[in-house]
Amino acid sequence: MSEESEESVPLLPLQQESMASALFNTDQNDNSERRRHDNSERRRNDNAESETNGQPQNNVQQVVEQDEEEDEELTLKYGAKHVIMLFVPVTLCMVVVVATIKSVSFYTRKDGQLIYTPFTEETETVGQRALNSILNAAIMISVIIVMTILLVVLYKYRCYKVIHGWLIISSLLLLFFFSFIYLGEVFKTYNVAMDYITVALMIWNFGVVGMICIHWKGPLRLQQAYLIMISALMALVFIKYLPEWTAWLILAVISVYDLVAVLCPKGPLRMLVETAQERNETLFPALIYSSTMIWLVNMAEEDPEAQRKSKNSSYDKQGPASRTQNEDAEADDGGFSQEWQRQRDNRIGPIESTPESRAAVQALPSNSQTSEDPEERGVKLGLGDFIFYSVLVGKASATASGDWNTTLACFVAILIGLCLTLLLLAIFKKALPALPISITFGLVFYFATDNLVQPFMDQLAFHQFYI
Amino acid sequence: MGAAVFWGCAAIAFGPAAALVLLTVAAEPLRVIVLVAGAFFWLLSLLAASLLWFVSVQLSGREDAALLLLGAAAAVLLQELCRFACFKMLKKADEGLAALSEDGQSPISLRQMAYVSGLSFGIISGVFSITNILADSAGPGTVGIHGDSPYYFITSAFLTMALVLLHTFWGIIFFDACEQRRAGGLGLVVGSHLLTSGLTFLNPWYEATLAPIFILTLCTGLWAFGTAGGSFHNVLKCLSCKQEPEGQVMLYSALQVPPEE
C-alpha cells in the first residue's frame, strides 16, 4: 500500500477536466417576463378569492405590489443567491484540498510524474527547465483536447453506452482506488492503526453509495458532497504529480483552451452543450455540479410560500432522456404527469370551472412551482472548474513561500473571478467558460503575492508594524 | 505555545469579526458578495503598495526601516484610495440594483454596504497580518528568545482585533463622508489610519501603542455610531425593550356578517 502509484496513471479520469468548464444557467430567461406576469395575476386571483376576506381592497393591491417587488427582488436575490450556492461548494473543495496538503505530506512528496508529463523539471539550467515544462504542458493540453473531441464525437453519434461506460470506469477509479489511497495516507499521517477488513467495508460503502448518487438517484446534498469529494481527490492527484512550472503553465493554457472551447462556434464544449440542448437532454451528471434538482415528486403543501421555503431533497433525474430543470409538468416523462393528476384529483376532486376551484388549482404545485420557485433555476458548474480552482489554491499552499497569505489571496481571487463569471452569465444567458477569469486572477495574485507582498508583510510582521 | 495560544489569539483577533459576520452578513447573499468584493479591493491596494516598496528597495539597494516606514505610509494611502474605489463601485452597483428592482429601492442600502465593506477590509487586513503568526504559534518555539518581547502573540492578537474594528468604523465614516461630500470626514479617516499605523511603529513599547490605539478605536466607534444614525436616545430605547405600537391595524376577526337576505 505504501509507495505505489508512481506511474499508476489515471488514464480515464482525465475527461473530468477535459469537460472542464461550462458554466451555465438552466433558467429559460426568455420565459421569465411572462412568468412573472402570470405570477402576479395568479396571486391577485388568489387573494381575491382567499379565505380571509376581511381585507380591504387596497390591502390586496399592496400585497400584490409587494409580491411583484418581491418577485423582482427574488430575481435579483436569485442572482446573488446562486452566486453563494456556487461559492459554498467551491470553498469547500478548496478547504478540503488545502487541509489535506497542509496535513498529509504524501501529496507534497515527489514520487514521480504522470506519463502525460514525461519531461522532468530537475534540470541543470533554467532554460532547460522552462523548455521541459512547456513541452509537458503541450502534451497535457493535447491529451485533453483529444479526449474532449473524442467525447463530443461519441456524444454526437449517440454512442451513449461508450460514454457511460467511460464515465463509470473513471468514477469507479476515483471513488474506490483514489479514496483508498487517500484514506491510507490520512491514517498514516495520524498514526491510526487499521485493519484491512474495516477499510474494505468503509471503501466499499463509500464507493457504492457514491456511484449510486452520481450516476443514478440520490439526495441532492449527498450527490453534491460526492462531486466535491471526487473533485478534491482529482485535484490532489494533479497537485502531487505535476511539477511546479508545468502546473502553472497547464493552468494558464487550459484557461485559454476553455475560453476557446466554450465560446468559439466550432469549439468542442460549445458543440456539446448545443447538441445537448437540441436534444433536450441533460449533460452527464458525473461531470457537472448542479446547485438544484429537478422536481420529480410533488410537494405536499399547497401554499406556494411553503413550497418555496421547504426543500424537497428528492431524486435525481435519470440519464440522458430526461429534461433540464423547470420544464413544464406536461412535457415531462410519463409517470410524473399522471402522478400529478392523481394528486391533484385527490386533493380537490374533479375540477369544475368555478372561481374557487380555479383558485385552488392555481394554488397547487404544478406550474406555479416551476415558475415561482427560485431554487429551481439552478446554475451548473463543470467539475473541471472545481478541479482546476483547487489545483491552483492547493499548489499555492503547497509551494508558496508566503504560505497562508498566498493561499488566501488566491482564494479571494478565484471567488471574485467566479462572481464576475456569474455576472456575465446573468447578462449573456448562455454557457460560459468559468476558468479564464478566475484562473487569471488566481495566477496574477499568486505570483504577485508570493514575490512582492510576502517580503513586505514579512518585514512588517517582523517589526510588528501594522498597515 | 501550542494549541492554547493558537486558539486564544485567533479568538481574540477574530472573535468580534466572526460574530459580526455570522450575525449580520452570513444570512444575506448580497452582503457576502460585498464582503468578498471588499477583500478583493484591499488585496489590490496591498499589491500596489508592495510593488512600490519592492521597487524602492531594489532602487535604493538597501532594506531598512525608513523604507519600510515609507512603504507603510504608501500602503495606508493606497488602502484609502481603494476604499474610495470600492465606494464608487458599490454606489454604481446600488444604482443598478435600484434600477432593476420594481419599487426603485435596492435590496441593500449604501449604509449596509459601507458597513460590510469596512468589515471586509478589516477581516482581510487582519487575516493577512496575523495568519502566518498564528500558524507559527501552533508549533514549537520560544517567544522572544533573542531579547524581543515575550508578549508578541497576544499583543499582535489585540492589535489585529483593534484594526478589524477600526476598518469597520472607517468604512462607515468614509462612505458617509463621500456620500455627503464632506472632506473633513475623509481627512479624519485617512489621518486616523495614518496615526494608527504610525503608532504601531512604536512597538514593542506596548503602553504607547496598545492603549492609544484602543482609545482611538473607541472614539472612532462612537463617531461611526453617530454617523450611522445612532444616538444615546436610540440606545436607551433599545435597552428598555419597549415595543412600538404597530402602524398597521390587524383585523383579527375572520367572521363575516351574513349577507342580509
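Computed from heavy atoms alone, side chains included, the values below leave out hydrogens, waters and symmetry copies. Order of the sequence lines sets the chain letters (A, B, ...), proteins ahead of strands, with each chain counted from 1. As the structure is a prediction and not an experimental result, all values here were calculated from the model.
Within a 6.0 Å radius of CH2 in A/Trp248, other residues, nucleotides and ligands contribute more than 12 heavy atoms. In the displayed structure, B/Ile145 atom CD1 is contacted under 6.0 Å by at most 12 heavy atoms of other residues, nucleotides or ligands. More than 12 non-hydrogen atoms from other residues, nucleotides or ligands lie less than 6.0 angstrom from CZ of A/Phe447. Within a 6.0 Å sphere centred on CZ of B/Phe158, other residues, nucleotides and ligands contribute 12 heavy atoms or fewer.
In terms of non-hydrogen atom pairs under 4.5 Å with chain A, the most contact-rich of B/Val32, B/Leu159, B/Leu199, B/Val55 is B/Leu159. Taking chain B as the reference chain and counting heavy-atom pairs below 4.5 Å, the highest number among A/Val412, A/Thr449, A/Ile416 is found for A/Ile416. Taking chain B as the reference chain and counting heavy-atom pairs below 4.5 Å, the highest number among A/Asp458, A/Leu452, A/Asn451 is found for A/Leu452. Between chain B and the options A/Ala413, A/Ala448, A/Ala409, A/Cys419, the largest number of non-hydrogen pairs under 4.5 Å is found for A/Ala409.
Heavy atoms of B/Ile108 lying under 4.5 Å from chain A are absent altogether. B/Phe41 does not touch chain A: none of its heavy atoms, backbone or side chain, sits under 4.5 Å away. Only the side chain of B/Leu163 comes within less than 4.5 Å of a heavy atom of chain A; its backbone N, CA, C and O stay farther away. Only the side chain of A/Ile84 comes within contact range of chain B, with heavy atoms under 4.5 Å apart. Contact of B/Thr155 with chain A is made through backbone and side chain together, with heavy-atom distances under 4.5 Å. Contact of B/Ala75 with chain A is made through the side chain alone, with heavy-atom distances under 4.5 Å. Interface remark: B/Thr196 contributes no atoms to any contact with chain A (heavy atom separation under 4.5 Å).
A parallel orientation is assigned to the rings of A/Phe465 and B/Phe201, their planes being inclined by less than 30° (bins at 30° and 60°).
Shortest non-hydrogen contact noted between B/Ser125 and A/Ile467 is OG-O, 4.2 Å. Contact between A/Phe456 and B/Ala49 at its shortest, heavy atoms only, is CE2-CB, 4.5 Å. Of all heavy-atom pairs between A/Gln464 and B/Tyr206, the closest is OE1-OH, 2.6 Å.
In this structure, the side chains of B/Trp53 and A/Pro455 come closer than 4.5 Å at one or more pairs of heavy atoms.
For the atom pair CG (B/Leu35) and CG (A/Leu415), the distance works out to 10.5 Å, reported to the nearest 0.5 Å. Atoms CD and OG, on A/Gln454 and B/Ser50 in that order, are 10.0 Å from each other to the nearest 0.5 Å. Separating the NZ atom in A/Lys81 from the CD1 atom in B/Ile33 is a distance of 12.0 Å, to the nearest 0.5 Å. One distance of note links OG1 of B/Thr131 with CG of A/Asn405; it measures 6.5 Å at 0.5 Å rounding. Remark: B/Leu68 CG to A/Phe462 CZ distance equals 11.0 Å, nearest 0.5 Å.
The closest donor-acceptor contact from the side chain of A/Tyr466 to the backbone of B/Ser156 lies under 3.5 Å.
A/Phe445 has its ring centre less than 6.0 Å from the ring centre of B/Phe40.
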